[in-house]
Amino acid sequence: MKPLTHEDLDCYWRETGEELGLTELMKDGTVKLGEQHGVIEVDAQTTYFHDEFKPHKIEVLELLRRKSGMKMLDCKVNQLFVGKEEVIYSPDEKYKTMVEANPVMQQMRRLFPSIDY
């Protein structure tokens, strides 16, 4: 059995995506050989790829194992994107942020004082 090369892995990754009907999804993941023998790493560039790849990971691994001849091949998904942090604004902070984005809000508030912004 010959060692798995990066070129072979790229080829197997594309073929596997086509066979499973996941071509578009798998374009969002960058595959590379891991630092440990028998481990491939997939860089998830988007939350979409990260979330949608999970249910297909075992299928993909089975096909990659068959194609590469490496029965113990494993896959690690690296999250490269930064998750959105939720910020809770007080009403005053919310209004101030809205005014910074659209200064006309101050005029609107003076014209319609009974509306809660």
Side-chain angles (χ1 to χ4, degrees):
M1 178 175 79
K2 70 175 191 165
L4 184 62
T5 65
H6 184 71
E7 291 78 23
D8 291 338
L9 181 59
D10 274 341
C11 182
Y12 298 153
W13 182 258
R14 282 192 306 276
E15 289 173 2
T16 300
E18 290 170 8
E19 289 177 33
L20 295 175
L22 301 172
T23 306
E24 288 302 313
L25 172 66
M26 291 175 72
K27 284 181 184 177
D28 288 341
T30 307
V31 68
K32 62 185 177 185
L33 294 172
E35 292 180 17
Q36 297 176 349
H37 178 71
V39 176
I40 61 170
E41 294 184 10
V42 181
D43 293 338
Q45 304 286 344
T46 62
T47 55
Y48 173 77
F49 177 83
H50 188 262
D51 295 341
E52 293 297 316
F53 183 70
K54 281 181 188 178
H56 302 288
K57 182 179 174 181
I58 293 173
E59 293 176 282
V60 170
L61 261 175
E62 286 176 2
L63 272 174
L64 288 175
R65 287 173 181 150
R66 212 172 312 136
K67 289 175 183 295
S68 67
M70 297 177 70
K71 294 180 182 178
M72 299 302 287
L73 189 66
D74 197 10
C75 176
K76 177 183 173 192
V77 178
N78 300 323
Q79 178 178 329
L80 298 183
F81 57 90
V82 177
K84 252 185 168 178
E85 184 179 320
E86 289 189 33
V87 179
I88 300 173
Y89 291 105
S90 69
D92 290 336
E93 291 172 330
K94 184 176 174 182
Y95 175 73
K96 183 179 175 185
T97 303
M98 288 171 37
V99 168
E100 287 173 7
N102 190 358
V104 177
M105 287 292 295
Q106 284 181 322
Q107 294 172 356
M108 296 294 288
R109 191 169 197 184
R110 278 188 236 122
L111 288 172
F112 305 103
S114 59
I115 296 176
D116 184 23
Y117 295 90

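Bear in mind that the values here come from a model prediction, so they are computed numbers and not experimental data.
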### Query
For residues 11-22, which residue pairs qualify under salt bridge (Lys or Arg N to Asp or Glu O under 4.0 Å), counting only residues two or more places apart or in two chains?
Glu15-Lys67, Glu19-Lys67

### Message
Could you work out, with salt bridge (Lys or Arg N to Asp or Glu O under 4.0 Å) as the rule, every residue matching Asp43, not counting sequence neighbours?
### Response
Lys32

### Query
Residues two or more places apart in sequence or in another chain: which of them pass side chain to side chain contact (heavy atoms under 4.5 Å, CB included) with Glu100?
Lys96

### Task
Let me see the working for Val104 and Gln107 under side chain to side chain contact (heavy atoms under 4.5 Å, CB included), right down to the final yes or no.
CA-CA 5 Å; Val104 177; Gln107 294 172 356; 4.0 Å; yes

### Task
Hey, could you give me the CD1/CG distance between Ile40 and Leu73, rounded to the nearest 0.5 Å?
5.0 Å

### Task
Could you note down all residue pairs passing salt bridge (Lys or Arg N to Asp or Glu O under 4.0 Å) where residues 70-81 supplies at least one of them, sequence neighbours left out?
none

### Task
Check whether any side-chain heavy atom of Arg109 sits under 4.5 Å from a side-chain heavy atom of Val99, and report yes or no.
no

### Message
Using every non-hydrogen atom in the two residues, find where Met105 and Tyr95 come nearest and quote the distance to one decimal.
### Response
O-OH, 3.9 Å

### Task
Taking all heavy atoms of Gly38 and all of Met70, pick out the closest pair and write down the distance.
CA-CE, 3.7 Å

### Set of side chain to side chain donor-acceptor pair (under 3.5 Å) partners for Thr23, sequence neighbours left out
none

## Note on the structure
When rounded to the nearest 0.5 Å, the distance separating OG1 of Thr30 from CG of Asp10 is 9.0 Å

### Message
With side chain to side chain contact (heavy atoms under 4.5 Å, CB included) as the criterion, how do Cys75 and Val42 come out once you've worked through the C-alpha distance, each side chain's angles and the decisive distance to 0.1 Å?
### Response
CA-CA 7 Å; Cys75 176; Val42 181; 3.7 Å; yes

### Message
I need the full list of side chain to side chain donor-acceptor pair (under 3.5 Å) pairs touching residues 56-65, with sequence neighbours left out, sorted by first then second residue.
### Response
His56-Glu59

#### Entry: With sequence neighbours excluded, residues passing side chain to side chain contact (heavy atoms under 4.5 Å, CB included) with Thr46
Asp28, Tyr48, Phe49

#### Entry: Atom pair CG/CG of Leu4 and Leu9 - distance to nearest 0.5 Å
5.0 Å

### Summary
Here the ring pair (Phe, Tyr, Trp, His ring centres under 6.0 Å) pairs for residues 3-27, sequence neighbours left out, are Trp13-Phe53

### Message
If you compare all heavy atoms of Val77 against all heavy atoms of Ala44, which two are closest, and at what distance to 0.1 Å?
### Response
CG1-CB, 4.1 Å

### Task
Under the side chain to side chain donor-acceptor pair (under 3.5 Å) rule, collect the residues that match up with Glu52, sequence neighbours excluded.
none

### Task
Taking side chain to side chain contact (heavy atoms under 4.5 Å, CB included) as the test, write out the residues that go with Asp92, two or more places apart.
Ser90

### Task
Output all residues satisfying salt bridge (Lys or Arg N to Asp or Glu O under 4.0 Å) with Lys27, sequence neighbours left out; order by chain, then residue number.
Glu24

